[in-house]
Amino acid sequence: MDYLQRIVILLILLLASFDEADARRIVAPHNYGRVIIANYSERAGLAPVVFNHWVHRAQYTCRLCHVDIGFAMEKGATKITAATNKQGLYCGSCHNGKYTYNGKTVFASCSGTTSRNDAVCERCHSLKKNSDNEGEFKVFMEKMPRKSLGNGIDWEAAESSGLIKPIDFLEGVSVQRPPIKAQKDFSIEANVAWMSDVIFSHKKHAFWNGCEVCHPEIFPIKKGATRYTMLEIDSGQYCGVCHDKVAFPILDCQRCHTGAKY
Amino acid sequence: MRNKRGSLAIALAAALVVLAGAPVFSDGIYAAAAAASAQDDWKKEFEDICSKTQDSMSFTPDELKSLVGRCDALKPRIEKLEETQRKVYLKRLQMCRDLLAFVLESKTGK
């Protein structure tokens, strides 16, 4: 078998192993963390909603939306309707035409109050419409610290340096709570000898997620009691609920596996 | 003097209305006030329980058991809310309960 044949076979093997999971990872930075919400929109004569996590996570913690407002962590599971928005729930918690952020009034959701195909509706119901998500993202990204993969932003550094100040309380929606007492960081032993252990920072995760985002739904486990694998994470369980979808992808091994092994 | 006469006239008019049995406050207004109060009750209880999740590691098992019990007692009240509120607040209550039960389990080893 000559050199060229070997290359061709290698390419075929690579293509054959390129499945949906790999395709998922090749996403343009401005589309990383994008969720298409299409439960009811098309039946109502509207385009599906394009939800960009990057827009929202620059302004709010994950906890605020996924605990206080109650958005499910699973795509399509919340079943948002015009009625819920109109009552000030889900998107309508902020998109009500009254709530202000940084001195600007947040536009109201189109919950039966505006005409169909109105420009207001298309700000969210924008799949295959003319939106400039890419351009807006580029402008936003210029000021942000960079990191490889995902959408290329080091969100943790952006928060710790004060470039973004995600809000964790929404008047009339959130419950007043004392500041969280973060648990200590701990190490998670890698399942294989050649990989460094994970140093898990409760502090970093608790800032964005509080307690309820992760426990017990995603991590119903006590430390060390259950072993989970990279295959499970890759299939969207445990760390994979966020990492690979919104938080930086698991291909970036050394951002978690930081423990000294040797 | 003119003010005094005016006040007297208003007081007399009010007394006549009451004596004549005029429905100054209708049943509807009382019902709405009662409903608003009932709504506040469940929400206050919800907020009181769920405000404690971030402190949950500092509670004793008995305190955690009590909080889990309060979640269970509150659930039927939230189930009576109209559909959209019920959906949102049942999920939020469930998240609080699950976390409190999780911390309780991790403390008691059960």
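Note that this is a predicted model, so its numbers are computed, not measured. Order of the sequence lines fixes the chain letters, A, B, ..., with proteins taken first and strands second; residue numbering starts at 1 for each chain. Hydrogens, waters and symmetry mates play no part in the numbers below; they use all other heavy atoms, side chains included.
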Quick one: [atom1] on [X] to [atom2] on [Y], what's the gap to the nearest 0.5 Å?
{"X": "A:R63", "Y": "B:T53", "atom1": "CZ", "atom2": "OG1", "result": "7.5 Å"}
{"X": "A:T81", "Y": "B:K87", "atom1": "OG1", "atom2": "NZ", "result": "6.0 Å"}
{"X": "B:R92", "Y": "A:S174", "atom1": "CZ", "atom2": "OG", "result": "7.0 Å"}
{"X": "B:D98", "Y": "A:E212", "atom1": "CG", "atom2": "CD", "result": "10.0 Å"}
{"X": "A:H66", "Y": "B:M95", "atom1": "NE2", "atom2": "CE", "result": "9.0 Å"}

Just wondering, are more than 12 heavy atoms of other shown residues or ligands nearer than 6.0 Å to [atom1] in [X]?
{"X": "A:R123", "atom1": "CZ", "answer": "no"}
{"X": "B:K91", "atom1": "NZ", "answer": "yes"}
{"X": "B:E79", "atom1": "CD", "answer": "yes"}

Q.
Does any part of the side chain of A:V175, heavy atoms only, come nearer than 4.5 Å to the side chain of B:F46, both counted from C-beta?
A. yes
Closest heavy-atom pair and its distance - [X], [Y]:
{"X": "A:Q176", "Y": "B:S51", "result": "O-CB, 3.1 Å"}
{"X": "A:Q87", "Y": "B:E82", "result": "OE1-OE2, 2.8 Å"}
{"X": "A:I69", "Y": "B:V88", "result": "O-CG1, 3.9 Å"}
{"X": "B:M57", "Y": "A:Q183", "result": "CG-NE2, 3.5 Å"}

Q: Pick one of side chain, backbone, both or neither for A:F71, based on which atoms fall under 4.5 Å of a heavy atom in chain B.
A: backbone
Q | Interface residue of largest heavy-atom contact number with chain B, from A:G70, A:P216, A:P220, under 4.5 Å | A | A:P216
Q) Do you know which of A:T84, A:T78, A:L89 has the most heavy-atom pairs with chain B at a distance under 4.5 angstrom? A)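 The answer is A:L89.
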Q: Give a yes or no answer on whether the side chain of B:Q54 reaches the backbone of A:P178 with a donor-acceptor pair at less than 3.5 Å.
A: yes
(Q) Donor-acceptor check, side chain of A:R177 to backbone of B:C50, threshold 3.5 angstrom: yes or no? (A)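 A pair under 3.5 Å: yes.
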